[in-house]
Amino acid sequence: MKQINLISDTITKPTKDMLDYMYAAEVGDDVFAEDPTVNRLQEKVAQMFGKEAALYCPSGTMTNQIAIKVNTQPLDEMICDHYSHVYQYETGGYAFNSGVAVNLIRGEYGKITAHQVEAAIKPVYDWLPITKLVVLENSCNKGGGSYYTIDEIKPIKQVCDTNNLTLHLDGARLFNVLVETGENPKDIGAQFETISICISKGLGAPVGSLLIGPQDKIREARRFRKVMGGGMRQAGYLAAACEYALENNITRLKQDNDRAKILGAEVKELPYIQSVFPVHTNIVIFELGNGLQSGEVVEKLKSKGINCAAFGATMIRFVTHMHIGDQEVNEVIQIMKSLY
Ligand SMILES: *Cc1c(COP(=O)(O)O)cnc(C)c1O
């Protein structure tokens, strides 16, 4: 039976061309900052976002965790939406690695407003954590791939500047946003102190994320990457895959977004579907109706060759990516139609 994997865009595998490019990489020891391919990737990404420096790390969890660490002191607090990856899916690392508290905001599909941020800032008392960091996620995974435009980010940045708060972007799927809005990465760079991007999701590299920011913070970030065990040696083979992905795989993300929109529109019409989150990028989250539980529906889809993720008791997530073409989209629609 043919398998169609909609679990995540992290399942994407290197293509032959990417593997050829990786095979030809020039490498050195990156713990000594002597891997020419890693250095070139870091410079390329820093430049792309108009920032001073960047650091190649094994995962987006690590780049986010290092960002929280370099932007806070213990007993500080970070503000984020309750759907945020940094809160939901990083094992509580903000507390473990940085000793900070979290101040959760209930946004709309994972998006918070400047007004909400302003209202959440704590006054300074001995018995309160000091509000220091704001984390935005763009696109927002648990919000169904929703996104902020730069015009929506600017007022949040303004509140941060006025109140001495630092702004970090979890941009794991930022390029899925930029192919929709046509915005320039440099204009994104100007809004944030630090930015994390993942190359191992829709962009198709096997491993790697980058933390982007000012020179002094990235210098400190190198130390935290080391203590977390993320200092790699001949990492240039992996960095080469990221370089290849950034050169060749950005514009095609628009196809993933478009296919997700088609899937979302079709799923919405099914009698056993209660609702679908608005589809903006490559994620489709839907709520089951008719008393159906996500566990049983995920199992039933699996028996028909479709892999996807349960998102809570009654919701399911589909993620489109480079291994899902028009034919796969059509097959998923046909199977969904025949399911109940
Ligand atoms: C995937 C993801 C990350 C990082 O994930 P890793 O698997 O650690 O690379 C961070 N934030 C968001 C929103 C993500 O979707």
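Numbers here simply count residues along the sequence, with the first being 1. Whatever order the structure lists ligands and atoms in, that order sets their numbers, starting from 1.
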Problem set entry | Ser8 side-chain N/O to Thr10 backbone N/O, donor-acceptor pair under 3.5 Å | yes

Problem set entry | Ligand-residue contact atoms, ligand 1 with Asn64, heavy atoms, under 4.0 Å | 10 (C), 11 (N)

For this session: Report the part of Ser59 in contact with ligand 1, treating N, CA, C, O as backbone and CB onward as side chain, heavy atoms under 4.0 Å; options are side chain, backbone, both, neither.
Result: both

For this session: List, by chain and number, the other hydrophobic cluster members for Ile11, where Ile, Leu, Val, Met, Phe, Trp and Tyr join if side-chain heavy atoms come within less than 4.5 Å, directly or indirectly.
Result: none

Exercise. Any donor-acceptor pair under 3.5 Å linking the side chain of Asp76 with the backbone of Gln73?
Worked result: yes

Exercise. Has ligand 1 got any nitrogen or oxygen that is less than 3.5 angstrom from a nitrogen or oxygen of Asp170?
Worked result: yes

Problem set entry | Nearest neighbour in protein (non-hydrogen) for atom 6 (P) of ligand 1 | Gly60 N, 3.6 Å

Exercise. Numbering the atoms of ligand 1 from 1, which are under 4.0 Å from a heavy atom of Lys201?
Worked result: 1 (C), 2 (C), 3 (C), 4 (C), 5 (O), 12 (C), 14 (C), 15 (O)

Exercise. When you measure from the side chain of Glu183 to the backbone N and O of Ile150, does any donor-acceptor pair fall under 3.5 Å?
Worked result: yes

Which pairs of donor and acceptor atoms, one on a side chain in residues 218-235, lie under 3.5 Å apart (sequence neighbours left out)?
residue: Arg222; atom: NH2; partner: Asp30; partner atom: O; Å: 3.0
residue: Arg225; atom: NH1; partner: Asp30; partner atom: OD2; Å: 3.3
residue: Arg225; atom: NH1; partner: Tyr56; partner atom: O; Å: 2.6
residue: Arg225; atom: NH2; partner: Asp30; partner atom: OD2; Å: 3.4
residue: Arg233; atom: NH1; partner: Asp29; partner atom: OD1; Å: 3.3
residue: Arg233; atom: NH1; partner: Asp29; partner atom: OD2; Å: 3.2

Problem set entry | Shortest non-hydrogen contact from Asp258 toward Glu180 | OD1-OE2, 4.3 Å

Exercise. Under 3.5 Å, N or O to N or O, is Met62 touching ligand 1 that way?
Worked result: no

Exercise. Which atoms of ligand 1 have any heavy atom of Glu137 under 4.0 Å away?
Worked result: 13 (C)

Exercise. Has ligand 1 got any nitrogen or oxygen that is less than 3.5 angstrom from a nitrogen or oxygen of Thr61?
Worked result: yes

Exercise. Would you say the ring centroid of Phe49 lies under 6.0 angstrom from that of Phe192?
Worked result: no

For this session: Return yes when at least one protein heavy atom is under 4.0 Å from atom 9 (O) of ligand 1, and no when none is.
Result: yes

Seminar exercise, completed: The atoms of ligand 1 lying under 4.0 Å from a heavy atom of Arg173, numbered in the order shown, are 15 (O)

